[in-house]
Amino acid sequence: MSDAPNVQALQSRGEALVHEAEREAKRLQTSEAAHACKAKYLGKKGLLADVMKQLSALPPEERKSVGKVANTIKEQLEGIFDAALKRLEQEALDKSLETSGVDVTRPARERWLGTLHPLTRTTFRIIEVFQSLGFVIADGPEIEHDFYNFEALNFPKDHPARDMQDTFFASPDVLLRTHTSPVQIRTMLDRKPPVRIICPGKVYRCDADITHSPMFHQVEGLWVDQRVSMADLKGVLRAFAERLFGRHTKVRLRPSYFPFVEPGAEVDVTCVLCGGKGCRVCKQTGWLEILGAGMVHPNVLTAVGYNPEEVRGFAFGMGVERIAMLLHGVDDIRLFFDNDIRFLRQFQ
Amino acid sequence: MKFSLNWLKELSEVDAPAEEVAERLTFLGLEVEGVHDLRSPLQKVIVVEVAEVQKHPNADKLKIVKVLDGEGTRAIVCGAPDVRVGARVPLAEPGAVVGGKKIGVSEIRGVSSAGMLCSERELGFTDEAKGLADLPGDWALGKRLSDTPLADTILEISITPNRPDAMSHLGMARELAAAFQARVRKPRVVLREDGGEVSERAAVEIVDQTACRRYLARVVAGVKVEPSPLHVRARLFMLGTRPINNVVDATNWVMLELGHPLHAFDLGRLGSASGAGAKQKKVLVRRANAGETMKTLDGVERALSEDDLVIADPQRAIALAGIMGGEESEIVAASGDVLVESAYFEPQVVYRTSKRLGLTTEASSRFWRGTDMDGLAFANDRTCQLLSEWADGKVCRGTVDVYPRRRTPVEVQLRPKRLAEYLGVQVSAEDIAKYLTSLELTVKGRTDQAITFGIPSFRVDLNAEVDLVEEVARLEGYGKIPERLPEAGGSYDAIVQQDQGSDYSRLRELLASQGLSEAINYSFVAAAEEAAFRPDGVDSAVALQNPMSEDQSVMRTSLMAGLVKNARHNLARQVLDVRLFEIGRVFHPRRGDLSALPVRDAALPEEHDRLAILLHGPASPFGWGMPKREVDFFDVKRITEAIFEAWHLQVEYVPNELPAYFHPKAAARLVLHRPATAHVGARDETIGYVGQLHPKVLAGLGIDASATFVADLDVLPLSAEAAVARYQPLPRFPGIRRDLAVIARADVHAGDIVSEALAEAKQKGLTLEHVHMFDVYQGKPIADGHLSLALAFFFRHPERTLTDEEVKAEFDTLVLGLKQKFKLELREA
């Protein structure tokens, strides 16, 4: 490479320019100043252009190397100012972020939170389990005829079994249903077997204290088919209990009497609180009574026109309030019907 | 019912601790609800004999009693009025707990007393508080009372209505014996019939043989009426029966022992067929006469109906059959000869009278469940035996036993195969026979398929095969039945069935997402509440015949009263933002032509599922950055709109024909436009109302009507899932918006402007897509009676981009039409 004076001069002047620009760029405070400064060095009438002008008469053989050097200097200067601009952009962003923050400890913008009634939620939980076992929902009137509520369910007139359910009457034959079992009768009268239904709904009995309400909710189930046995009943109830109360919940049947089933049973599950070890809620027994159940009484099947020699069935029923009280630890049934919003909002 | 463990053990060979007895019985279906140990408190009470009684030196009413405890003497201060030397009495030693008080060695007015001499009441034997308990003279001194028959454990057992046979100690002992495969010890009855011939003393005639199937009478002569022995009184008392005298106590004793209710009449006070003073008395069993009255043992004069069955002498009714005796023939101190009645009355007859009179007794609750028709001779004999033992009575020879149609013995077949199908578990024929014979059933016959059992007369609940299936299951134990899931799916028909009725789960979730909490109210309300919110077109409500209170006496015809009550409840507790909804039934008496309905359904009211919403208080939650205003019509409308949108329902808000409980100018009727279907043409239907409650229905309730907005609507259109949405292609070309600001008279309906614009555009074939109102202003500088509205018009052509000129032309056309029609004044946009 030739050691031409022009090249050397350019080299040294250029280095001085770069050095100067570096110093100046460091002191730049705004992007406007940075652009102005960049123009001062690199503009058409800038300092680099000045240097280039002074090298006016270049012999053709030098042009190539001078151009090369000039380009390098130009690139260096551009790099300096691009970096400065980038730095300034970052500083500006940092600054704006610094000043535009929020107080994250301030409360959220409020929004009303609604809730389903705990009895509705509990009913849905129960229904879901049985729907997954193939039961469908059935419905019927809350004000019923004696026939559907009692007679067809094997509670004859003037029979003491009727005393088991203190009844509200609207007239001698019309009453507030005492259980959702009349839905079973209506459904069976309406269709041929097989029947696999779940009947949720309000029921009424003249009774009021901290565990009894004159209106409460039941879910009853009925399965009538050709080959249904009490073992199936136990299996279904066990599956239900494990799904609702958790794995390893056990189910225990004790003989009892409901006129529309035989054999009849009270059904206990292992205590949801202590898991069966014994606590205050289960009165140290480890068990909680939550269901009534049994095989559908032949008189009931006959009353709806089914042949008890051909089909059998099982039925079960539970009080929703009782289960909701156990699940949520509610100790007074009346809370469910006061509709105190502070109470309802606890069941989001 | 209460049971004495001592007695159960006397009547059976079972000797298990109370806890085990309770467990076994519970798992036989005889639920033991309580076990009360009355024995432990008697461990520190001993038998002593009164040796000497001295006056207390410092107190007139107290005595110092020297007693012998078998080892030495003790000095006890005692306040009982007459303490007899030689009497055996109970001494509560220091450390004993008597009547909740702990006994110690105490100084009573300067004299030391090492314990307390006790009355029957203090030891819980009876409620006799006078004097000291008089213990049997042959009880050893120093013996602990916990080792005597007075120390008992009481079991509280819940007996289901199908088991009258278990309402006695013998019946319960039978169950217990079966559970333990042990034997029953039935009381042995041997009578010395030395009181003369019964036929000379009493005659019986059953006038109504359908109501009384059997009447058996015996006579015991010369009874001495006095208090029963202590152990009798104590046992009765601990079982909840008040001791009266030895005659009444004997009948109660036998009822508790054998289960059959008995009645003792004072024979001397009965009339006879052949005139007063005749020796042979006459007893009739007949229905009461119209207008007949009698005074029952409880002193109440009862007006009888012709449906009631009475026991009568030729002159008058002397007892309400199976329920309660009459005052005029009751056993009193002077009674000498006693007629003992044991009879079988039809359960329904006793039930009806008992319920009609509101008179339930130990006797009636046994008769109406069904008594043992063939067991009443034994029960009568047993009573006579006790009368001779406890009251020195002389039993007359023979019985008067009127039993016109003997009961046909019941036999029931049981097929072991059917039993296995029912229970899902096999029980062998041998085990079946073993179980059932342990309950005193008898094997009458056997084939390959079935065993025939004879049913004992006390088991009135066993009549059909399934009854025996249950008996076998009880004794085998329900725990032996396996848990099995029905074979996969069952039948195809069962799987494809659809839900009948809705749980409205989607609607409930939607409302909760709108910030509403769900309420559940009683279906019955006070009559005035019902009337205040009764819907138009309903002219009465279903009233209860036996409400629990006036506040719950009428079935609701609307849901509104409940939510208003809830609002009051919450406001009274400083919960000021009330946002509630309820989905539930209302009940409207059926009207119109009922002849098309099944007769039973015609008797029932109509039931409708409704939704009610109530908003009260601030429009936004308490917090920063929220508009501060009270709820208004448009807050509740937002919620109803959300519902209708979710179900794709086209509902119009019509400001007329409102129920009286709505504000006449701040509420709307909801009219659902139902599109035509294959079966029905398009039609409009009112499905509810939304708006402000009328101030008069909230008057006096402390609720500001101007901040209370409600909706009340039929949920039937919302019970089904919304119609499946059909996809619409997305627009391919941009739309253009033009805004319009106008001043309108306040009585112009914004909704009308919008629908007019759309109708006009449709008619003229314009590209208007929709119109959206986005501002409304009333006040300066707008003139009174006017308001300013701002509307955005959206135009779009489906196939190309609209030009500004096209849109301007369409917009100007529309504006001109609206301006003329609604007398609008344009404002600068």
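In what follows, every chain begins at residue 1, and chains take the letters A, B, ... in the order their sequences are listed. All values derive from a computational prediction rather than experimental measurement.
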Asks: Using heavy-atom distances under 4.5 Å, tell me whether I197(A) contacts chain B through its side chain, its backbone, both, or neither.
Replies: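 For I197(A), neither part sits under 4.5 Å from chain B.
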Asks: Would you mind checking which part of R191(A) comes under 4.5 Å of any heavy atom in chain B, side chain (CB onward), backbone (N, CA, C, O), both or neither?
Replies: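 Interface part for R191(A): side chain.
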Asks: Just so I understand: if I count every heavy-atom pair under 4.5 Å between each of F168(A), Y204(A), F314(A), F135(A) and chain B, which residue has the most?
Replies: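 Winner by heavy-atom pair count: F168(A).
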Asks: Taking only residues two or more places apart in sequence or in another chain, which ones pass side-chain contact (heavy atoms from CB on, under 4.5 Å) with L189(A)?
Replies: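 L189(A): side-chain contact (heavy atoms from CB on, under 4.5 Å) contacts with F147(A), Y148(A), I185(A), V304(A).
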Asks: Less than 4.0 Å between a side-chain N and a carboxylate O, is that true for D338(A) and R573(B)?
Replies: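 Not counted as a salt bridge, because no side-chain N and carboxylate O are separated by less than 4.0 Å.
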Asks: F124(A): what forms a ring pair (Phe, Tyr, Trp, His ring centres under 6.0 Å) with it, not counting sequence neighbours?
Replies: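 Ring pair (Phe, Tyr, Trp, His ring centres under 6.0 Å) check on F124(A) returns nothing, list empty.
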Asks: Taking side chain as everything from C-beta outward and backbone as N, CA, C, O, which of these in H217(A) sits under 4.5 Å from a heavy atom of chain B? Side chain, backbone, both or neither.
Replies: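 Just the side chain, heavy atoms under 4.5 Å.
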Asks: For R163(B), is it the side chain, the backbone, both or neither that has a heavy atom under 4.5 Å from a heavy atom of chain A?
Replies: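 Nothing of R163(B), per the 4.5 Å heavy-atom cut-off to chain A.
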Asks: At a heavy-atom separation under 4.5 Å, does Q226(A) approach chain B through its side chain, its backbone, both, or neither?
Replies: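 Contact with chain B is absent: no heavy atom of Q226(A) under 4.5 Å.
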Asks: For the pair R415(B) and E309(A), find out whether any cationic side-chain nitrogen is under 4.0 Å from an anionic carboxylate oxygen.
Replies: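 Here R415(B) pairs with E309(A) in a salt bridge, since their nearest N and O are under 4.0 Å apart.
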Asks: Checking heavy atoms, do the side chain of A108(A), its backbone, both or neither come under 4.5 Å from chain B?
Replies: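 Interface part for A108(A): backbone (N, CA, C, O).
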Asks: L423(B) versus chain A, heavy atoms under 4.5 Å apart: side chain, backbone, both or neither?
Replies: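 Both parts, heavy atoms under 4.5 Å.
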Asks: Can you tell me how far apart CD1 (I481(B)) and CG (L233(A)) are? Round to the nearest 0.5 Å.
Replies: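 Here the interatomic distance stands at 8.5 Å.
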Asks: Could you tell me which portion of V296(A) (side chain, backbone, both or neither) has an atom closer than 4.5 angstrom to a non-hydrogen atom of chain B?
Replies: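 For V296(A), the contact with chain B is made by the backbone alone.
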Asks: Donor-acceptor check, side chain of D158(A) to backbone of V349(B), threshold 3.5 angstrom: yes or no?
Replies: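 Checking the backbone N and O of V349(B) against the side chain of D158(A), no donor-acceptor pair under 3.5 Å is found.
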Asks: Within a radius of less than 6.0 Å around CD of Q426(B), do more than 12 heavy atoms belonging to other residues, nucleotides or ligands occur?
Replies: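 No.
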Asks: Nearest 0.5 Å please: distance from the OG atom of S517(B) over to the CD atom of Q348(A).
Replies: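 Answer for the OG-CD pair, S517(B) versus Q348(A), is 7.0 Å.
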Asks: Less than 4.5 Å to any heavy atom of chain A: does that hold for the side chain of R568(B), its backbone, both, or neither?
Replies: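 R568(B) has no heavy atom closer than 4.5 Å to chain A.
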Asks: I'd like to verify something: which residue of L344(A), V174(A), L116(A) has the highest number of heavy-atom pairs under 4.5 Å with chain B?
Replies: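 Greatest number of close heavy-atom pairs with chain B: L116(A).
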Asks: Please look at R254(A) and chain B and tell me whether the side chain, the backbone, both or neither of the residue comes under 4.5 angstrom of a heavy atom of that chain.
Replies: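 Its backbone and side chain both get close to chain B.
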Asks: Please determine whether salt bridge (Lys or Arg N to Asp or Glu O under 4.0 Å) holds for the pair R186(A) and D601(B), giving the CA-CA distance in whole Å, both sets of side-chain angles, and the decisive distance to 0.1 Å.
Replies: CA-CA 11 Å; R186(A) 285 178 176 273; D601(B) 287 345; 3.1 Å; yes
Asks: Quick check on I143(A) against chain B: is it the side chain, the backbone, both or neither that has a heavy atom closer than 4.5 Å?
Replies: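 Answer is both: backbone and side chain atoms of I143(A) are under 4.5 Å from chain B.
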Asks: Heavy-atom cut-off 4.5 Å, strictly under: side chain, backbone, both or neither for T167(A) against chain B?
Replies: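 Just its backbone gets close to chain B.
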Asks: Using heavy-atom distances under 4.5 Å, tell me whether K157(A) contacts chain B through its side chain, its backbone, both, or neither.
Replies: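 Contact with chain B is through the backbone of K157(A) alone.
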Asks: Quick one: what part of P118(A) sits under 4.5 Å from any heavy atom of chain B, side chain, backbone, both or neither?
Replies: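 No part of P118(A) comes within 4.5 Å of chain B.
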Asks: First locate atom OG1 of T115(A), then atom CD of E509(B), and finally report the distance between them rounded to the nearest 0.5 Å.
Replies: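 Rounded to the nearest 0.5 Å, the OG1-CD separation comes to 9.0 Å.
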Asks: Report which part of V228(A) has an atom under 4.5 Å of a heavy atom belonging to chain B: side chain, backbone, both, or neither.
Replies: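 For V228(A), backbone heavy atoms alone lie under 4.5 Å from chain B.
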Asks: Of the backbone (N, CA, C, O) and the side chain (C-beta and beyond), which part of D146(A) lies under 4.5 Å from a heavy atom of chain B, both, or neither?
Replies: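 It is neither, since no heavy atom gets under 4.5 Å.
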Asks: Exactly one of K234(A), R238(A), R252(A) should register a salt bridge (charged side-chain N to carboxylate O under 4.0 Å, His left out) with E483(B). Which one does?
Replies: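 That would be R238(A); it is the only one of K234(A), R238(A), R252(A) passing the salt bridge (charged side-chain N to carboxylate O under 4.0 Å, His left out) with E483(B).
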